[in-house]
Amino acid sequence: MGYLDETEMRNPYDFLDCEQGKELFAPLDYALKDGVHIQEYGKQKELYSYLRRFYPTLVQYYREFWGLELEQGGNDSEKYYYLRFCPDLKNGIPTNHKHLMSKENIIVGLLLYKVYYNDCNIELDSLSKFQRIIKIDYPDLKPGIIKTLAKVKKEKATQFNDEKIDACIKSAFDEFNKIKWIEMDGDSFEILPSFFRITREFAPYINNIEEILKESQDNRRKHKWLTVKK
């Protein structure tokens with residue numbers, strides 16, 4: 001008589017059959033499908049522990065029933081989880097619930113990474129301070145920032161002023177807070193482990209954002225790289 005291996009013996013719905021499942025699966029499912037990244041932080045700790053415990057069968061569930069990939073990034077206490085839409089899989093998510101992160105938000109994310117990590121502003125924890133840094137501390141890059149943001153928003157660069165830069169940054173931070181790349185508390189923010197997903201999606205551009213913005217000033221560079229699936 002043959003023996004079943006561990007994967008064959010695993011209950012494919014163990015995440016529902018356990019006592020935690022009755023309380024935690026629904027909020028976890030809603031959060032993941034809304035693009036939220038789950039990590040061991042704040043109010044997410046219980047969801048994180050539940051997801052990590054049942055990760056193998058949850059991967060199978062989302063792949064087979066929804067055509068989605070439940071992926072993980074980071075290491076140890078910096079680990080995070082999120083859903084990725086996969087064009088090769090039949091997808092059960094309605095079209096109006098599938099959307100890409102906007103290009104202007106990606107630009108702001110790359111700028112935040114540059115200011116915080118590349119330029120070592122590790123004490124930065126204020127939205128208003130970040131807005132001020134972008135407008136004042138990078139005079140060589142500001143024309144490129146304006147031209148790039150104006151281009152992706154389909155506006156004229158000559159009409160793109162400091163108030164519009166502030167509005168783009170605020171909108172991006174609201175989105176980052178929603179998907180838990182950062183945690184906002186009024187004007188203050190904290191960067192969360194899942195923010196490093198931006199390095200997975202845009203590794204070739206992280207350290208070259210200055211050159212990209214400078215090149216954008218003479219309108220030679222296309223922006224096809226500005227695409228991330230939430």
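Side chains included, hydrogens not; waters and symmetry mates left out as well; all remaining heavy atoms used.
Here the side chains of Tyr48 and Lys79 are in contact, with some heavy-atom distance below 4.5 Å. Residues Phe196 and Trp181 are not in side-chain contact: their nearest non-hydrogen atoms beyond the backbone lie 4.5 Å or more apart. For the pair Leu28/Leu58, a side-chain contact is recorded, criterion being any heavy-atom separation below 4.5 Å from C-beta on. Side-chain contact between Tyr117 and Ile122 is absent, with no heavy atoms from C-beta onward closer than 4.5 Å. Within the 4.5 Å cutoff, the side chain of Trp66 has no heavy atoms near those of the Leu83 side chain. Between Ile107 and Ile145, the closest side-chain pair of non-hydrogen atoms is not below 4.5 Å. Between Lys164 and Leu149, every side-chain heavy-atom pair lies at or beyond the 4.5 Å cut-off.
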Report the C-alpha separation of Leu112 and Phe173 in whole Å, then their side-chain angles, then the decisive distance to 0.1 Å, and conclude whether the side-chain contact (heavy atoms from CB on, under 4.5 Å) test is met. CA-CA 10 Å; Leu112 177 58; Phe173 272 53; 4.1 Å; yes

Kindly indicate, with the supporting measurements, whether the criterion side-chain contact (heavy atoms from CB on, under 4.5 Å) is fulfilled by Leu213 and Ile209. CA-CA 6 Å; Leu213 291 171; Ile209 185 63; 3.9 Å; yes

Output, in order, the C-alpha distance, side-chain angles, deciding distance and verdict of side-chain contact (heavy atoms from CB on, under 4.5 Å) for Tyr113 and Val108. CA-CA 9 Å; Tyr113 188 94; Val108 172; over 6 Å; no

The test is side-chain contact (heavy atoms from CB on, under 4.5 Å); show your working for Glu46 and Leu24 and say whether it passes. CA-CA 8 Å; Glu46 196 172 18; Leu24 298 180; 3.8 Å; yes

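Of all non-hydrogen atoms in Gln60 and Pro12, the two that sit nearest each other are NE2-CB, 4.4 Å. Annotation for Met184 and Ile182: closest pair SD-CD1, 3.6 Å, computed over non-hydrogen atoms. Summarising the geometry of Ile206 relative to Thr199, their closest heavy-atom pair is CG1-CA, 4.2 Å, with the distance given to 0.1 Å. Between Leu47 and Ile38, the shortest heavy-atom contact is C-CG2, 4.1 Å. Taking every heavy atom of both residues into account, Ser77 and Glu40 meet most closely at CA-OE1, 4.3 Å. Looking at every heavy atom in both residues, Lys156 comes nearest to Ala150 through C-CB, 4.1 Å.
The main-chain N or O of Ala167 is never found under 3.5 Å from a side-chain atom of Ser171 such that the two would form a donor-acceptor pair. Distance alone, capped at 3.5 Å, is enough to place a donor-acceptor pair between the Asn208 side chain and the Pro204 backbone. Counting only distance, with no hydrogens or angles, the side chain of Asn161 and the backbone of Glu163 share a donor-acceptor pair below 3.5 Å. In this structure a side-chain-to-backbone donor-acceptor pair under 3.5 Å is missing from Asp125 to Glu190. Remark: the backbone N or O of Tyr62 is not paired with any side-chain donor or acceptor of Glu64 at under 3.5 angstrom. No donor-acceptor distance shorter than 3.5 angstrom exists from the side chain of Glu104 to the backbone of Cys168, with no hydrogens or angles considered.
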Result block: side-chain N/O donor-acceptor pairs under 3.5 angstrom for residues 14-21, not counting sequence neighbours:
unit_1	atom_1	unit_2	atom_2	d
Asp14	OD1	Thr57	OG1	2.5
Asp17	OD2	Asn11	ND2	2.4
Gln20	OE1	Arg53	NH1	3.2

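Checking Asn105 against Ser102 by side-chain atom types alone, a donor-acceptor pair falls below 3.5 Å. A donor and an acceptor atom, one from each side chain of Asp119 and Tyr138, are located under 3.5 Å apart. Checking Gln44 against Lys180 by side-chain atom types alone, no donor-acceptor pair falls below 3.5 Å.
Ring pair Tyr82/Tyr80 is parallel by interplanar angle, where below 30° counts as parallel and above 60° as perpendicular. Ring-plane geometry between Tyr81 and Tyr55 is classed as tilted, the angle between the planes lying from 30 to 60 degrees on a 0 to 90 degree scale.
Classification of Lys170 and Asp166 as a salt-bridged pair fails, no side-chain N sitting under 4.0 Å from a carboxylate O. The pair Glu71-Arg84 counts as a salt bridge, with a side-chain nitrogen and a carboxylate oxygen less than 4.0 angstrom apart.
Expressed to the nearest 0.5 Å, how far OH of Tyr205 lies from CD1 of Ile198 amounts to 12.5 Å. A distance of 10.5 Å separates CD in Gln131 from CG in Asp162, rounded to the nearest 0.5 Å. Atom CD of Glu123 and atom OH of Tyr116 lie 9.0 Å apart (nearest 0.5 Å). Rounding to the nearest 0.5 Å gives a distance of 8.5 Å between CD1 of Ile134 and NZ of Lys114. To the nearest 0.5 angstrom, Phe202 atom CZ is 9.0 Å from Arg197 atom CZ. One distance of note links NZ of Lys129 with CG of Asn121; it measures 6.5 Å at 0.5 Å rounding.
Here Tyr61 and Phe25 bring their ring centres to under 6.0 angstrom of each other.
In the hydrophobic clustering, Leu192 connects to Tyr41, either directly or through intervening members, whenever side-chain heavy atoms lie under 4.5 Å apart.
A continuous path of ILVMFWY side-chain contacts below 4.5 Å connects Phe65 to Val59, so both sit in one hydrophobic cluster.
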